[in-house]
Every structure is written in structure tokens, then in C-alpha cells.
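Note sheet for the following structure.
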Amino acid sequence: MAQQKKGLITRLLEGKERSEEYARSTLPTNRWQLFWDIFKGNFWKLVKVNLLTLVFCIPLIIVVIMHLLMTESNSIIYPFGANLGVGYPASPNQQGLSELLSFQGNMFFYFGILLTSFITAVGLSGGMYVIRNMVWTEGIFVANDFWRGVKLNYKNALQTLLFFSGILLACGLMLSFSEFTIAISSLSKGQMVWMRISQGMSYILLTLGTMMSFWMISLGVNYQLKFFTMVKNAFFMTIGTLPQTIFFGALAVLPFILLLIGGQFFMVIAVMIILLFGVAYGLLVWLDFGQWVFDKYINPKIEGAKVGRGIFNKDGTSSVASGDSAAEKEYRRALLAEGKSRLVAHPIKPIDDSLQVYELPQSFSREDLKRLRESKQMIADDTQAYEEEHKNDARYVEYNEQFDALEKSVQEEADGKKKKKPRILRAKGENIKSDED
């Protein structure tokens with residue numbers, strides 16, 4: 001039967017909901033779309049993750065507040081503007097006192113950050129695990145996955161924070177000590193040049209260490225690496241993607257940049273954002289970007305690695321790799337227990353108005369019954385023809401091959417066949433071959 005033409009308003013109202021491509025067209029096909037999809041669709045989950053993470057940052061926040069109060073009180077109590085020929089009685093020479101107090105305050109601040117890292121690592125490990133699962137578009141339960149992340153990633157998070165705290169401590173104290181030395185000593189022109197060069201090197205090292213710490217977070221939550229291997233890989237990732245690392249690193253810490261700009265308005269806005277979703281937002285931006293880098297430069301070169309997790313290709317295909325983890329084995333068994341889905345394994349023609357079942361009138365004859373039977377047969381033949389035409393499409397072939405592979409692997413496990421495993425670098429949630437043990 002001829003398809004009934006619809007008016008413009010009807011087509012605008014109905015849209016694509018009858019098309020098989022409608023649902024697929026709404027799925028993210030790149031990392032920018034994935035970020036907005038997660039941010040809009042899981043906003044309140046991000047808020048929960050942010051609050052859980054901030055709870056374990058309370059000791060760090062206390063250290064920061066105490067340092068700010070100490071700095072402010074020193075500027076009020078000590079007469080750094082004295083001995084200028086104005087006022088009586090005269091104050092003793094205050095040369096270098098400001099730098100000395102700054103050095104002492106910074107020492108307390110940097111050591112405080114180092115010590116509180118052991119507690120902050122709890123929140124960071126749980127938060128980055130939940131956000132990573134969001135980037136992988138896996139179903140999550142915030143509280144359960146948060147504590148699971150603490151169990152799996154606490155060591156990596158602590159190593160990252162200790163690495164950053166150590167760099168901050170060394171560079172920060174070096175900068176403070178150099179300022180104190182310049183203030184109390186009469187340095188020659190050459191000595192002054194070398195002092196400024198050392199300060200510049202400290203700033204460069206601190207910046208490099210900060211960017212490497214970001215990459216250590218991404219590497220630690222995605223792969224199981226030894227500490228020095230993780231540091232080496234973080235260095236190469238930083239140098240290899242330096243412009244992108246600077247841009248997305250700044251984008252991730254944007255709420256904290258607003259906090260440092262100054263001014264009561266920006267400070268209030270920044271504090272509200274940080275308390276609501278700032279930390280979770282930063283982790284989402286960075287881990288999403290990190291996954292893009294891994295998919296582009298690393299995962300395609302590693303046998304068994306999944307490429308494009310959370311991203312859907314326009315042809316309907318997606319990346320799948322088998323894993324030997326207990327959770328993935330259980331998933332494969334549950335999938336096989338449910339059986340192969342006909343909706344996914346075989347093409348089914350989308351509903352449209354090209355063919356319709358003949359409607360019997362209130363008073364019908366044998367001829368009407370014949371038309372009804374013929375209309376049903378036409379629909380069945382058309383559906384069969386559509387299935388034959390599209391049975392070799394990539395998405396159906398891929399699904400059937402994957403299901404058969406799962407069925408074979410589960411059967412081998414049941415028969416007790418043990419395969420010789422290669423030396424691997426186990427990623428969090430998958431097996432990945434690596435040249436490094």
C-alpha cells in the first residue's frame with residue numbers, strides 16, 4: 001500500500017522516533033559530546049562525588065586556611081614599613097624579616113600538604129574511579145563505586161599526591177629561601193643572575209611536576225603501573241601533548257583559577273562552584289581528555305585494549321575486548337544465560353506506514369478476509385526481505401561474532417582449559433599486553 005503523506009506539522013511533531021537511527025543519533029560520537037552528555041545527564045551524581053571527595057579534603061582545606069590566616073596576621077602585627085625616618089620610637093631594622101616569616105609560613109604550609117595527602121588520597125582515589133566509569137559509560141552506584149575505587153586506586157592516588165607534594169615542597173622552599181637570601185645579603189650582579197635563574201628553574205620544575213601529576217591520575221586509574229614506570233610515562237605524555245595538556249589542565253582547574261583571580265564576586269562564585277561540583281568537574285574534564293589521548297596514541301597499539309570506550313560510531317559498531325577479570329567473567333555468563341538477543345542479532349525493519357494490515361469492515365465478506373490475509377503476508381515478506389538485505393551489516397555481524405566468542409570462552413572455562421597468559425600490563429577493567437612487566 002502507498003505510504004500516506006503527512007503534513008509539515010505532523011512530521012515536525014513526530015520527528016525521527018519511528019526511525020531505527022533515532023536512538024543512535026542521540027549517542028555521543030566524540031569526547032566533547034560525551035563530556036556534555038555526562039555533565040547534563042549525571043549532574044547530581046557529580047555533585048555526590050564532589051561532596052564525598054571534599055569530605056576527605058577537609059584536613060587540606062584547614063591547612064590552607066591556617067596558612068592564609070598566618071600570612072594575614074603577619075602583615076598586620078609586624079611593622080615592615082618601620083625605620084623609614086617617620087614615627088617614634090624608632091623600630092629596629094626589619095630587613096629580611098618579611099621573607100623569613102614567609103619562609104617559615106610556607107614551610108608549615110608545604111609540610112602540611114604533604115602530611116594531609118594520606119587522607120586526601122582517599123577522596124581522590126574514590127572520585128577518580130567513579131568519574132572514570134562515567135567516562136566509560138558504565139552503570140554506577142556512587143557510594144558503592146566510590147569505596148571500590150578507594151580499594152583499587154588508593155595506592156596510585158597516594159603516590160601521585162606524594163609526588164606532587166614533594167615537588168611543591170622542594171620548589172616552594174627553594175623559592176622562599178632564595179628570596180630570603182636576596183633580602184639579607186649583598187649579592188653581586190652575577191650572583192643575582194644565578195639566583196634568578198634558579199628561581200626560574202624552580203617555577204619550570206613546579207609546572208612540569210603539576211602536569212605530570214595530572215597524567216599520573218589518568219594513568220593510575222586506567223592501568224596498573226609501578227611508580228617509576230608511571231612517572232616516566234607521565235613525563236612522556238606531558239612532553240608529547242604539551243599544548244593540549246596546558247589547555248585542558250587549565251580548563252580542569254578553572255574554578256580554582258577563579259578563586260585566585262581575587263575580588264569578592266569571583267571568590268564567592270568560585271567557592272560555590274567548588275563546593276557544588278568543582279572537583280568532580282575537574283576530574284571529568286581531565287579523565288575525558290586523557291581517554292582521548294589513550295585512544296589516539298596508546299590503546300590502538302596494544303593488543304586487547306578497548307578503543308573508544310563511551311563513544312559510539314556512526315555505523316553502530318563499538319569497541320569490545322575480552323577480559324579475564326572476575327566481574328567481566330560474571331558479565332559474560334549472565335549475558336549467555338539470557339541468550340542471544342534477536343533484536344540485536346538480526347535486522348528488524350523499523351515501523352513505518354508503507355504497509356498496513358487491512359482493516360475489516362463491520363460487515364465483511366470472504367473477499368475482505370482474503371485481503372486481510374494478503375496484507376499480513378505482504379508485511380511478513382517485506383520483513384523477511386529487509387532481514388535478508390541487511391543481515392550482513394557490520395553491527396549484526398559484529399554482535400554475532402562477539403556472542404560466539406563469549407560462548408566459546410565460557411565453554412573453555414567450564415571445560416577447565418587453561419590458556420598460557422602473556423606478560424601483561426593489567427588495565428583497570430581489562431587486560432592489556434605491554435612490553436613492561
Side-chain angles (χ1 to χ4, degrees), residues 28-39 124 127-129 131-137 153 156-157 159-164 166-168 171 200-257 278-311 313 319 425 427-430 432-436:
T29 57
N30 57 60
R31 292 292 164 187
W32 289 103
Q33 293 180 7
L34 179 63
F35 168 80
W36 289 113
D37 189 66
I38 295 174
F39 190 79
L124 178 61
M128 67 188 193
Y129 179 78
I131 300 299
R132 186 213 65 178
N133 287 350
M134 288 185 179
V135 172
W136 285 2
T137 62
N153 299 294
N156 300 113
Q159 289 174 342
T160 300
L161 290 177
L162 291 178
F163 173 82
F164 173 74
I167 295 291
L168 181 63
C171 294
M201 294 299 296
S202 297
Y203 282 116
I204 293 174
L205 180 60
L206 180 58
T207 303
L208 179 63
T210 302
M211 292 188 290
M212 288 177 60
S213 300
F214 285 171
W215 277 114
M216 289 173 68
I217 292 175
S218 295
L219 291 168
V221 78
N222 281 278
Y223 309 106
Q224 289 184 351
L225 295 168
K226 295 180 180 179
F227 174 71
F228 290 106
T229 303
M230 185 164 58
V231 172
K232 180 183 69 174
N233 291 340
F235 175 78
F236 290 140
M237 298 296 291
T238 301
I239 301 301
T241 61
L242 187 59
Q244 298 94 327
T245 296
I246 294 174
F247 175 77
F248 284 99
L251 191 63
V253 298
L254 185 60
F256 299 92
I257 294 177
V279 177
Y281 156 82
L283 288 173
L284 177 59
V285 170
W286 184 255
L287 293 179
D288 191 27
F289 162 66
Q291 193 65 43
W292 174 79
V293 175
F294 296 153
D295 289 340
K296 186 174 182 179
Y297 298 107
I298 298 178
N299 291 337
K301 301 178 182 179
I302 302 176
E303 182 181 351
K306 296 182 181 180
V307 179
R309 299 191 71 158
I311 301 299
N313 300 326
S319 61
L425 165 67
K428 302 295 176 59
E430 56 184 299
I432 298 180
K433 288 184 180 179
S434 174
D435 294 333
E436 300 187 26

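Atom CG of L168 sits about 10.5 Å away from atom CG of L205, to the nearest 0.5 Å. Annotation: the span from K232 atom NZ to K226 atom NZ amounts to 11.5 Å, rounded to 0.5 Å. In this structure, the separation between CZ on F227 and CD on Q159 is 6.0 Å, given to the nearest 0.5 Å. The distance from the CG atom of L287 to the CH2 atom of W136 is 10.5 Å, given to the nearest 0.5 Å. Note that CD1 of I298 and CG of N222 are 9.0 Å apart. Values are rounded to the nearest 0.5 Å. Interatomic distance, OG1 of T229 versus OH of Y223, reported as 14.5 Å (0.5 Å rounding).
With contacts defined as side-chain heavy-atom distances shorter than 4.5 Å, the pair L34/T137 qualifies. Side-chain contact check for I131 versus Y281: every heavy-atom pair is 4.5 Å or farther apart. With contacts defined as side-chain heavy-atom distances shorter than 4.5 Å, the pair F39/M134 does not qualify. Contact of the R132 side chain with the Y129 side chain is registered, since non-hydrogen atoms from C-beta on lie closer than 4.5 Å. Taking the side chain as every heavy atom from C-beta outward, M211 and L242 approach each other to under 4.5 Å. At a threshold of 4.5 Å between non-hydrogen side-chain atoms, the residues L208 and F235 count as touching. No side-chain heavy atom of F248 sits less than 4.5 Å from a side-chain heavy atom of V293. For the pair N153 and M128, the minimum side-chain heavy-atom distance is below 4.5 Å.
Shortest non-hydrogen contact noted between S213 and F163 is OG-CD2, 3.6 Å. What you find for T210 and F164 is that their closest heavy atoms are OG1-CE1, 3.4 Å. Residues W286 and S218 approach most closely at NE1-OG, 2.9 Å, considering heavy atoms. Considering all non-hydrogen atoms of both residues, S202 and C171 come closest at O-SG, 3.6 Å.
The one candidate from V231, N156, N233 that meets the side chain to side chain contact (heavy atoms under 4.5 Å, CB included) condition with L225 is N233.
Although no hydrogens or angles enter the test, the distance criterion places a donor-acceptor pair under 3.5 Å between the side chain of D295 and the main chain of G308.
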- Message: Using side chain to side chain contact (heavy atoms under 4.5 Å, CB included), reason through L219 and M216 one step at a time and then give a plain yes or no.
- Response: CA-CA 5 Å; L219 291 168; M216 289 173 68; 5.6 Å; no

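Relative orientation of the F289 and W215 rings is tilted, given thresholds of 30° and 60° on the angle between their planes.
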